[in-house]
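One structure is given below, encoded as structure tokens.
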Number of protein chains: 2
Amino acid sequence: MADLAKVAGVSAITVSRALRDSPLVNAETRARVRDVAQQYGYAFNVSARNLKLRRSMTVAVVVEMKPTVERQMSGPYPLDLLGGITQELTSTGYSVLLTSLQGGALPNVRAADGVILLGQGAHEDAMHEVQRWGRPMVVWGAVSRHESQIVVGSDNRRGGALAAERFIALGRSRPAFLGDPAHGEFAERLEGFSTALARHGITPIAPTVSSFTVGAGADAVHALLQAHPQVDALFAASDLLAIGAIRALIERGRRVPEDVSVIGYDDSPLGATYVPPLTSVHQNFIDAGVLLARKVRALIEGEDAVSETLPTHLVVRTT
Amino acid sequence: MADLAKVAGVSAITVSRALRDSPLVNAETRARVRDVAQQYGYAFNVSARNLKLRRSMTVAVVVEMKPTVERQMSGPYPLDLLGGITQELTSTGYSVLLTSLQGGALPNVRAADGVILLGQGAHEDAMHEVQRWGRPMVVWGAVSRHESQIVVGSDNRRGGALAAERFIALGRSRPAFLGDPAHGEFAERLEGFSTALARHGITPIAPTVSSFTVGAGADAVHALLQAHPQVDALFAASDLLAIGAIRALIERGRRVPEDVSVIGYDDSPLGATYVPPLTSVHQNFIDAGVLLARKVRALIEGEDAVSETLPTHLVVRTT
DNA sequence: TTGAAAGCGCTAACAA
DNA sequence: TTGTTAGCGCTTTCAA
């Protein structure tokens with residue numbers, strides 16, 4: 001910058017201002033500085049700015065990417081979420097630092113101006129962990145679980161209720177829920193599901209399924225049919241689980257949807273293209289990502305932000 | 001650091017060294033400094049280090065996350081790739097800066113010590129774009145296309161050959177390839193496919209399909225059957241395309257696999273759980289991510305790195 | 001094994 | 001509208 005200043009015949013601070021489009025600098029001067037910068041291939045030094053400004057213009061996004069059995073963040077969802085976040089953040093000069101829970105130890109991550117946590121984890125353990133990092137934080141997960149935190153999530157209760165209402169409309173009377181209520185989002189889905197069913201005097205069976213794989217869904221349904229052969233409707237906490245469930249149903253000679261109705265969650269391409277095409281509760285992950293990004297940014301910039309619930313709707317297909 | 005130095009009764013530079021585990025500092029001194037740092041909740045300032053060292057300890061990963069029709073990076077693959085990259089990079093102190101092609105303008109991205117590009121784009125346009133950023137770069141894509149670049153990719157030619165060999169073994173004689181050779185990886189798959197078939201005197205039909213959606217696959221197959229009703233084997237450049245193809249085949253009254261064999265690419269969960277379960281060429285994205293990470297790191301640290309091809313294998317299922 | 005001095009490149013505060 | 005001064009927090013000489 002000092003060199004540019006010399007060449008352009010101004011002071012370093014003027015160069016700094018020109019490059020930042022400060023209104024304090026004459027349009028002509030700015031143009032000249034910019035030209036010179038261009039011409040000499042000047043490269044701005046972010047570290048120096050960050051040092052001076054005490055910020056990093058960086059938001060850490062915590063995702064669990066490890067291939068684990070209990071892999072909630074598989075499929076295209078986190079990528080959509082990440083897409084929304086990245087789009088919104090980069091359009092305002094922030095960068096996205098991708099990290100896992102373990103990454104909290106990295107200096108770069110510690111220096112992030114804010115954190116977005118994707119998935120609060122079973123029993124909110126991930127959330128508590130990240131909270132210890134002491135940065136402005138926004139979470140994607142179950143909104144109802146945390147008054148004290150800023151959480152963006154889709155309306156899981158409504159999602160559950162939609163599934164229940166659909167089953168009622170179809171005349172089903174022995175529904176089951178497949179999922180693990182230890183995860184706040186799933187607990188909300190079950191709550192909405194149960195509450196809506198209760199209005200019709202129905203209590204769902206709810207075996208805990210703590211993996212999110214096709215296999216887990218199939219196993220759970222095999223066990224379920226053994227204990228409750230009269231089940232006629234299955235609401236799964238994810239499309240993957242629903243697909244496993246359908247497989248098990250067919251293996252046991254039940255027809256879908258004639259004998260048993262099945263509703264999944266997430267409206268994933270996997271479910272949409274499955275045979276039979278899966279009825280599923282839809283959530284818009286890209287919008288969610290944008291919203292998460294706006295909220296951390298607000299927090300970082302000292303404004304306040306509130307939790308928010310995104311609408312959800314049922315996509316009726318064959319099952 | 002200066003404050004810590006005072007409290008610990010040493011100089012700032014000693015604190016610096018102690019915190020970095022420098023061998024130049026006495027073990028006792030180090031322990032004392034660390035204790036004090038811990039106790040006072042000292043937070044290391046990355047920007048200052050980066051300013052001094054002229055590096056950012058950051059690697060930009062360029063992914064196309066925008067929801068476009070031609071969305072090569074959909075599905076779980078990029079997340080696996082990202083998982084492998086993140087795991088490897090963070091274990092050596094680097095952070096992952098997630099960005100898109102447009103993100104190249106961001107100061108943080110420009111400051112990255114290296115770049116990993118996921119997918120070279122049609123006609124390698126993405127690659128040329130990123131190359132202009134002037135940073136050490138490693139690309140995930142078609143290895144054979146670029147002598148001058150460091151590319152990691154799976155063995156697409158072998159993948160194509162595996163599909164061809166399978167068709168031959170099944171006695172198929174009128175195969176087609178579905179995909180867009182403008183993308184280097186797909187061109188390689190087609191090359192391997194054609195070459196292996198040529199050994200049996202067979203030339204595949206290869207209509208260009210430039211979208212990567214289920215719908216595109218279906219449309220392409222409808223058109224294909226119109227022109228070439230005798231087709232008895234379909235090799236698709238992705239599982240999504242293969243699934244669309246199967247749908248169209250069934251709509252036209254062909255049985256899979258009795259009348260027409262279908263092989264997809266990527267071995268995605270979507271394909272594996274599809275009905276009928278899709279035969280597909282498998283690639284290991286996590287390993288690939290780790291490899292990409294190692295190679296940029298080598299480049300950044302002044303070592304040299306070479307392009308590398310990862311093995312590929314056929315997962316035979318029903319189709 | 002420890003320390004003193006100097007400076008990385010930027011911008012805020014204050015002057016002119 | 002422009003410039004001067006100072007300093008953000010770290011690490012690399014070089015010296016002790």
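Each chain gets a letter, A, B and so on, in the order its sequence line appears, and its residues count up from 1.
- Look at CG on A:Asn50: it is 10 Å from P on C:dT11, rounded to the nearest Å.
- Between B:Met1 atom CE and D:dG9 atom P the separation is 11 Å, expressed in whole Å.
- Between A:Lys6 atom NZ and D:dG3 atom P the separation is 14 Å, expressed in whole Å.
- With respect to B:Val61, the side-chain contact (heavy atoms from CB on, under 4.5 Å) criterion is satisfied by exactly one of B:Val296, B:Leu292, B:Leu118, B:Val115: B:Leu118.
- When rounded to the nearest whole Å, the span between CG of B:Leu19 and P of D:dT11 equals 8 Å.
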- Message: Show, in sequence, the C-alpha distance, side-chain angles and deciding distance for B:Thr312 and B:Asn156, and conclude whether the side-chain contact (heavy atoms from CB on, under 4.5 Å) test is met.
- Response: CA-CA 8 Å; B:Thr312 243; B:Asn156 291 294; over 6 Å; no
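- For A:Asp180 and A:Ser210, the side-chain atoms include no donor-acceptor pair closer than 3.5 Å.
- In this structure, of D:dT11, D:dC8, C:dC8, it is D:dC8 that holds the atom nearest to the side chain of A:Leu51.
- Contact annotation for B:Val10: backbone-only contact, meaning every heavy-atom pair under 4.0 Å involves sugar-phosphate atoms and none involves a base.
- No hydrogens or angles were tested; on distance alone, a donor-acceptor pair under 3.5 Å links the side chain of B:Arg17 to the base of C:dG3.
- Remark: C1' of D:dT11 and CG of B:Leu24 are 12 Å apart, rounded to the nearest angstrom.
- The separation between B:Asn45 atom CG and D:dG7 atom C1' is 13 Å, rounded to whole Å.
- Distances shown here put every side-chain N or O of A:Ser16 at or beyond 4.0 Å from the OP1 or OP2 atom of C:dC10.
- Atom CZ in B:Arg49 sits about 11 Å away from atom P in D:dT12, given to the nearest Å.
- Distance from the side chain of A:Thr29 is smallest to D:dT2 among D:dG3, C:dG3, D:dT2.
- When distances run from any side-chain atom of B:Arg20 to the nucleotides C:dA12, D:dT12, C:dA4, the shortest one goes to D:dT12.
- In this structure, A:Asp3 places its CG atom 13 Å from C1' of C:dC8, rounding to the nearest Å.
- In the set C:dA13, D:dC8, D:dC10, C:dA13 carries the atom at the smallest distance from any side-chain atom of A:Ile13.
- Closest contact between the side chain of A:Thr14 and the listed nucleotides C:dT2, C:dC10, D:dG3 involves D:dG3.
- For the OP1/OP2 pair of D:dC10 and a distance below 4.0 Å, the side-chain nitrogens and oxygens of B:Tyr42 include at least one atom meeting the criterion.
- Annotation: of the two residues near DNA chain C, B:Asn26 and B:Lys52, the 5′-most nearest-nucleotide partner is B:Asn26.
- Distance from the side chain of A:Arg54 is smallest to D:dC8 among D:dC10, D:dT12, D:dC8.
- Position along DNA chain C of the nearest nucleotide to B:Ala48 versus B:Ala27 favours B:Ala27 as the more 5'-ward residue.
- Salt bridge annotation for B:Asp304-B:Lys295: absent, with no cationic side-chain nitrogen under 4.0 angstrom from a carboxylate oxygen.
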- Task: Dump the intermediate steps for salt bridge (charged side-chain N to carboxylate O under 4.0 Å, His left out) on B:Asp21 and B:Arg34, then the final yes or no.
- Result: CA-CA 10 Å; B:Asp21 280 327; B:Arg34 298 223 111 137; 3.0 Å; yes
